[in-house]
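Reviewing the structure listed below.
Each chain gets a letter, A, B and so on, in the order its sequence line appears, and its residues count up from 1.
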There are 2 protein chains.
Amino acid sequence: MARTPRNTLSPELIVRTALEVMESRGTDAFSLRGVAAELGVGPMALYTYFRNKDELYDAVRDHLMGLLPAVPGDAAWPDQVRTVCRSLRLLMLQHPCLAQLLAGRPLSGHETARVAEGLLGVLRAAGFDAETAARTHTTLFTYVLGSTSWEIQMAAERRDPEAWRRLRATMESLSARDFPSVVELAPELARTTGGDEQFDYGLDLLLAGLQLRTPA
Amino acid sequence: MARTPRNTLSPELIVRTALEVMESRGTDAFSLRGVAAELGVGPMALYTYFRNKDELYDAVRDHLMGLLPAVPGDAAWPDQVRTVCRSLRLLMLQHPCLAQLLAGRPLSGHETARVAEGLLGVLRAAGFDAETAARTHTTLFTYVLGSTSWEIQMAAERRDPEAWRRLRATMESLSARDFPSVVELAPELARTTGGDEQFDYGLDLLLAGLQLRTPA
DNA sequence: CGTTCATAACGTACAGTGTATAGTACGGTG
DNA sequence: CACCGTACTATACACTGTACGTTATGAACG
């Protein structure tokens, strides 16, 4: 009985396939069994290469982080920072699963470290001390992660008619007397759940605040 | 055979119990069956009050949002904004499940709207136009959500020795030649994954940037 | 009081999940 | 050729959310 030949699998192949499954079937519908089936292999075969589902997640995350371009060396530091943040956001939009992969687990992995190195290097070169550089890195990272995750999530929900209906219902149940601002700004709020402008608005606030602290 | 008496359940009781289960057993281990068992009832009994798990999630989220205090009326607007953001963060730290409840679903619900109303009201009163108020609201919300979720997540991982070991391993595999900043700033990075100072640092950057745009 | 009836809670069942454990056949090495 | 590590398989378990159909209860009404 012709079994599966011996060395068909590899960590890289599994990661690539896992990514494909996440992108085609959606992150929530992702399962080890799905990946295994796609590879024409039993579910347990994956455990030869990854100890559990979380380790596979980490590998996929690091793989995606490897797609980030290097920081451009020939620009003023605020522009460099902007570029790094924008490319991370772009990558998250291109690969929506990345949002969940980043949010759920600590940042282990070589490629992930490379990205951190890029941003930290820029900040150190700009003259910020160790503590401020680290704080700024965390702040920027959590801003990008939070705002882009939110954007992705909302875009996904907008496609679900049931969720949309429920949100509409809540909105319309609000009296203009008790909730004047929410009712008045409803269209603006709907418009500002995502998009480049919204992202840049917050990023510019952070950068403006940061430039006030520019070291001598 | 003495069945469960008739009107033992109610949406409020279920929400309270669900919250207890999340807090005691952890958000990930939460399940409808667990809640039902805690109530001494079959799993399907919950479906009389909630159409599915997500609706129960929404109800718990809105219940938690109801715990937020009103915005203090007697302060300068930047302080009011700071207070709102801080109390949301505090609530998330007190109820770690709130992070996941906020991140995963759109903001429906009465209490949730009340919180939005508070922040938007402050911004409108400060003189910001509709668009800027909405953008600022989204920016602040995603910052609080992103940074606090990250903080909670990291705190949870730190308790898992396996995750800790893996992160250490990654760190120590980095050569000081290729990753000078990461290696140098490792202690600072570890220290800035959370805490009041870290949160306030980012919040102050945003507020500083925002004050540069203070309307006349 | 007796009857009716909507419905709250039940039990069963299904299609999934991650993964522990044990078994099997292949490929490279002695 | 014999051996052994290992890449993969098979089976099984304890879960999950929830669709479906049933049953008993408490209130309303004649």
Side-chain angles (χ1 to χ4, degrees), chain A residues 1-19 21-22 24-61 97 100-101 104-105 156-157 160 162-163 166, chain B residues 1-19 21-22 24-61 97 100-101 104-105 156-157 160 162-163 166:
Chain A
M1 43 182 73
R3 284 217 175 189
T4 318
R6 215 50 204 283
N7 287 320
T8 51
L9 262 45
S10 74
E12 294 75 22
L13 178 60
I14 294 176
V15 166
R16 265 205 316 272
T17 310
L19 183 57
V21 171
M22 285 188 200
S24 64
R25 288 206 255 285
T27 319
D28 291 341
F30 171 85
S31 76
L32 293 183
R33 292 173 133 94
V35 178
E38 193 73 25
L39 287 163
V41 130
M44 294 313 289
L46 306 179
Y47 282 78
T48 308
Y49 301 90
F50 300 94
R51 284 218 277 224
N52 51 42
K53 202 188 184 189
D54 281 342
E55 266 200 20
L56 177 53
Y57 277 156
D58 285 352
V60 173
R61 171 170 53 65
C97 55
Q100 270 154 266
L101 295 175
R105 324 225 345 117
E157 297 287 355
D160 174 15
E162 176 57 21
R166 295 257 308 289
Chain B
M1 40 183 68
R3 283 218 174 187
T4 317
R6 215 49 204 285
N7 289 320
T8 50
L9 262 45
S10 73
E12 294 76 21
L13 179 60
I14 295 176
V15 165
R16 268 204 315 271
T17 310
L19 184 56
V21 170
M22 286 189 199
S24 64
R25 290 206 254 286
T27 318
D28 291 342
F30 172 84
S31 75
L32 293 183
R33 291 173 132 94
V35 178
E38 191 74 24
L39 287 163
V41 128
M44 294 314 289
L46 306 179
Y47 282 78
T48 307
Y49 301 92
F50 299 95
R51 283 216 276 222
N52 51 42
K53 203 189 186 188
D54 280 341
E55 265 198 21
L56 177 53
Y57 276 157
D58 285 351
V60 173
R61 171 171 52 67
C97 55
Q100 270 156 264
L101 295 176
R105 320 222 351 114
E157 296 286 354
D160 174 15
E162 175 57 22
R166 294 256 310 287

Quiz prompt | Pair A/Tyr47-A/Leu32, side chain to side chain contact (heavy atoms under 4.5 Å, CB included): steps then yes or no | solution = CA-CA 10 Å; A/Tyr47 282 78; A/Leu32 293 183; 3.4 Å; yes
Quiz item: Hey, does the side chain of A/Ser31 come within less than 4.0 Å of C/dG16's phosphate (OP1/OP2), counting only N and O?
Solution: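 No, because none of the side-chain N or O atoms of A/Ser31 sits under 4.0 Å from OP1 or OP2 of C/dG16.
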Spacing of [atom1] belonging to [X] relative to [atom2] belonging to [Y], to within rounding of 0.5 Å:
X	Y	atom1	atom2	answer
B/Glu55	B/Leu46	CD	CG	12.5 Å
A/Met22	A/Leu56	CE	CG	6.0 Å
A/Tyr49	A/Leu9	OH	CG	5.0 Å

Atom-to-atom span, [atom1] of [X] to [atom2] of [N] - whole angstrom:
X	N	atom1	atom2	value
B/Leu46	C/dC10	CG	C1'	12 Å
B/Leu32	D/dA19	CG	C1'	14 Å
A/Tyr49	D/dA7	OH	C1'	6 Å
B/Phe50	D/dT18	CZ	C1'	16 Å
A/Asp28	D/dT16	CG	P	18 Å
B/Met44	C/dT12	CE	C1'	11 Å
A/Arg51	C/dG18	CZ	C1'	16 Å
B/Tyr57	D/dT16	OH	P	11 Å

Which of the following nucleotides, [options], is nearest to the side chain of [X]?
X	options	value
A/Lys53	C/dA9, C/dT12, C/dT19	C/dT19
B/Asn52	D/dC8, D/dA10, D/dT18	D/dT18
B/Arg33	C/dA8, D/dC8, D/dG17	D/dG17
A/Thr8	C/dA9, D/dT9, D/dC8	D/dC8
A/Tyr47	D/dA7, C/dA9, C/dG18	C/dG18

Practice problem: Show your reasoning for whether side chain to side chain contact (heavy atoms under 4.5 Å, CB included) applies to A/Glu12 and A/Val15. | Solution: CA-CA 5 Å; A/Glu12 294 75 22; A/Val15 166; 5.8 Å; no
Quiz item: When we call it a touch if two heavy atoms are under 4.0 Å apart, what does B/Ala45 touch: a base, just sugar-phosphate, or nothing?
Solution: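 Counting heavy atoms under 4.0 Å across all strands, the contact made by B/Ala45 is with sugar-phosphate only.
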